[in-house]
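In what follows, chains are A, B, ... by sequence order, proteins preceding strands, each numbered from 1. All heavy atoms count here, side chains included; hydrogens, waters and symmetry mates do not.
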Amino acid sequence: MTIRVTFWSYFADLAGCAETSVTLPERATVGLLLESLYRSHPALADLRRSTLIAVGVEYQDADHVLADGDSVSLFPPVQGG
Amino acid sequence: MTIRVTFWSYFADLAGCAETSVTLPERATVGLLLESLYRSHPALADLRRSTLIAVGVEYQDADHVLADGDSVSLFPPVQGG
Amino acid sequence: MTRSLSITVDPIAEPALVSGRTLSPGMGAAVSFAGVVRGLEGSDPITALEYSCFVPMAEHQFHLLFDRLAERGTVESVRLVHRIGRVAVGEASLWVEVVSPHRAEAFQACQWLIDEMKRVVPIWKKPLRD
Amino acid sequence: MTRSLSITVDPIAEPALVSGRTLSPGMGAAVSFAGVVRGLEGSDPITALEYSCFVPMAEHQFHLLFDRLAERGTVESVRLVHRIGRVAVGEASLWVEVVSPHRAEAFQACQWLIDEMKRVVPIWKKPLRD
């Protein structure tokens, strides 16, 4: 299945792109997606402990099971206000 | 010496007047003034524990020594806002 | 610390007060509070509150509170308007604004000022039911 | 609880927002907060902040926070405007207003909303020095 990934704020600079797509086996978790992304975009791996992850518009953690067509967002701590 | 006394808020209703004057010996304290006022305006005596006292524009307590011409205010707890 | 105090019988013109705010470049937070007359005093319906005030003492006591805010060194500006006389239900009787570099200070100072005002500033209210 | 949310590139028109406030007769307190861009980010002078936002998620997360405020049952109205894009020093990036029957609730809810926003709403800022 194909998962679209969007990088927000300075994560886009670190990733070298604002969006990418990743092909994963069915019922892959967010954790598996991250392993794949950290291999292809190693600069993001250093920030994994402060990385926030959303699927669609909801926060999810590494155990969350993805579905084909999901949009995943990775971003640094938020700074509104 | 003569002390002018002003009653604020519902203390004026209880006292039956908004202002009065009290003649006291020199160097009388606020406490002595109150004793005099509570004799002449007994309805105020019941509220003595919640009564606030100012001399001029400063809060004072019973030990404060008065001077001729002082203006003393008696009033209930304040309720601004 | 700049300070502005008004004890007035006029309605409180909040939008104009907000328009009149000035901030130096180090300021990041403006907290304001509007206290509005409620239609119930306890469980009884009212139409207005009548505020009375010992004005010279109220001004003095407000300034003593402003002095204490100034001593903190974290408040750039405080503005306070207290309306007196008859204030109808739904109208503001009090408006306070505190400007500080950071929001925690501004929130804390604004609340502190209102709490202290309700302890020491000689203003009283009487419910009206006409 | 009524709620109003705007995520916008337009300047925040505080006086107009204040003019637009509506209160039911039981309400006694309106607390508002304006967050203004400071001229220093850390110790470096800046000219503006550039705010970026994942808008659909930000709107969703704001509404989850509003849901939690509504559950308290003590807030009548919340209005929030977050400006995005370039916001110059001295201009407001955030305006929040909470209306409640009593002031303690309004102050607490307004601060809670800002604290939670800074934890979960996907908005980021970048200092500009041009």
Side-chain angles (χ1 to χ4, degrees), chain B residues 2-22 29-31 33-34 36-38 40-41 43-81, chain C residues 5-9 12 32-38 41-42 46 48-68 80-85 87 91-97 110-128:
Chain B
T2 301
I3 302 296
R4 192 165 66 100
V5 178
T6 305
F7 305 109
W8 294 92
S9 183
Y10 58 84
F11 276 27
D13 301 324
L14 293 174
C17 63
E19 281 192 40
T20 188
S21 287
V22 180
T29 61
V30 164
L33 171 66
L34 292 175
S36 167
L37 287 170
Y38 291 154
S40 55
H41 301 84
L44 291 173
D46 296 339
L47 299 172
R48 66 173 75 205
R49 295 187 59 174
S50 61
T51 296
L52 298 172
I53 302 147
V55 178
V57 295
E58 300 284 0
Y59 284 101
Q60 300 293 353
D61 61 24
D63 297 334
H64 181 79
V65 175
L66 294 166
D68 192 26
D70 273 349
S71 286
V72 175
S73 293
L74 265 67
F75 47 83
V78 304
Q79 306 171 293
Chain C
L5 171 65
S6 172
I7 298 172
T8 174
V9 297
I12 297 176
S32 57
F33 171 78
V36 174
V37 174
R38 277 191 298 276
E41 182 76 4
I46 65 168
L49 288 175
E50 175 80 24
Y51 285 89
S52 59
C53 179
F54 176 10
V55 174
M57 181 171 175
E59 290 178 338
H60 177 68
Q61 295 292 326
F62 270 129
H63 278 288
L64 291 177
L65 297 178
F66 296 165
D67 289 344
R68 289 173 62 193
L80 189 149
V81 182
H82 203 304
R83 190 172 170 194
I84 57 176
V87 185
E91 293 183 344
S93 54
L94 173 67
W95 183 83
V96 186
E97 178 199 68
C110 190
Q111 290 176 92
W112 177 86
L113 183 56
I114 300 166
D115 288 342
E116 289 297 298
M117 176 197 79
K118 288 175 176 280
R119 209 172 58 78
V120 300
V121 175
I123 297 175
W124 304 272
K125 59 192 176 190
K126 192 165 88 174
L128 300 179

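We find the NZ-OG distance between Lys125(C) and Ser9(B) to be 11.5 Å, quoted to the nearest 0.5 Å. Residue Ser52(C) holds its OG atom at 11.0 Å from CZ of Phe75(B), rounded to the nearest 0.5 Å. Atom CG of Leu52(B) and atom CE of Met57(C) lie 7.5 Å apart (nearest 0.5 Å). Remark: Ser71(B) OG to Phe54(C) CZ distance equals 7.5 Å, nearest 0.5 Å.
Note: Val121(C) leads Leu94(C), Ile84(C), Val121(C) in heavy-atom pairs under 4.5 Å with chain B.
Between Lys118(C) and Gln79(B) the shortest side-chain heavy-atom distance does not fall below 4.5 Å.
Between Pro76(B) and Trp124(C), the shortest heavy-atom contact is O-NE1, 3.1 Å. A pairwise comparison of heavy atoms in Val120(C) and Val78(B) identifies N-CG2, 3.8 Å as the closest pair. Trp8(B) and Cys53(C) make their closest contact through CZ3-O, 3.6 Å (heavy atoms, listed as atom of the first residue, atom of the second, distance).
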Dump the intermediate steps for side chain to side chain contact (heavy atoms under 4.5 Å, CB included) on Val57(B) and Glu59(C), then the final yes or no.
-> CA-CA 9 Å; Val57(B) 295; Glu59(C) 290 178 338; over 6 Å; no
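For Leu64(C), the part lying under 4.5 angstrom from a heavy atom of chain B is the side chain only. When heavy atoms are compared at a cutoff of 4.5 Å, Gln61(C) approaches chain B solely by way of its side chain, counted from C-beta outward. Contact of Tyr59(B) with chain C is made through backbone and side chain together, with heavy-atom distances under 4.5 Å. Residue Arg83(C) does not touch chain B at all, counting heavy-atom pairs closer than 4.5 Å. Proximity to chain C is limited to the side chain of Ser73(B), based on heavy atoms less than 4.5 angstrom apart.
In this structure, the side chain of His82(C) engages the main chain of Gly81(B) through a donor-acceptor pair within 3.5 Å.
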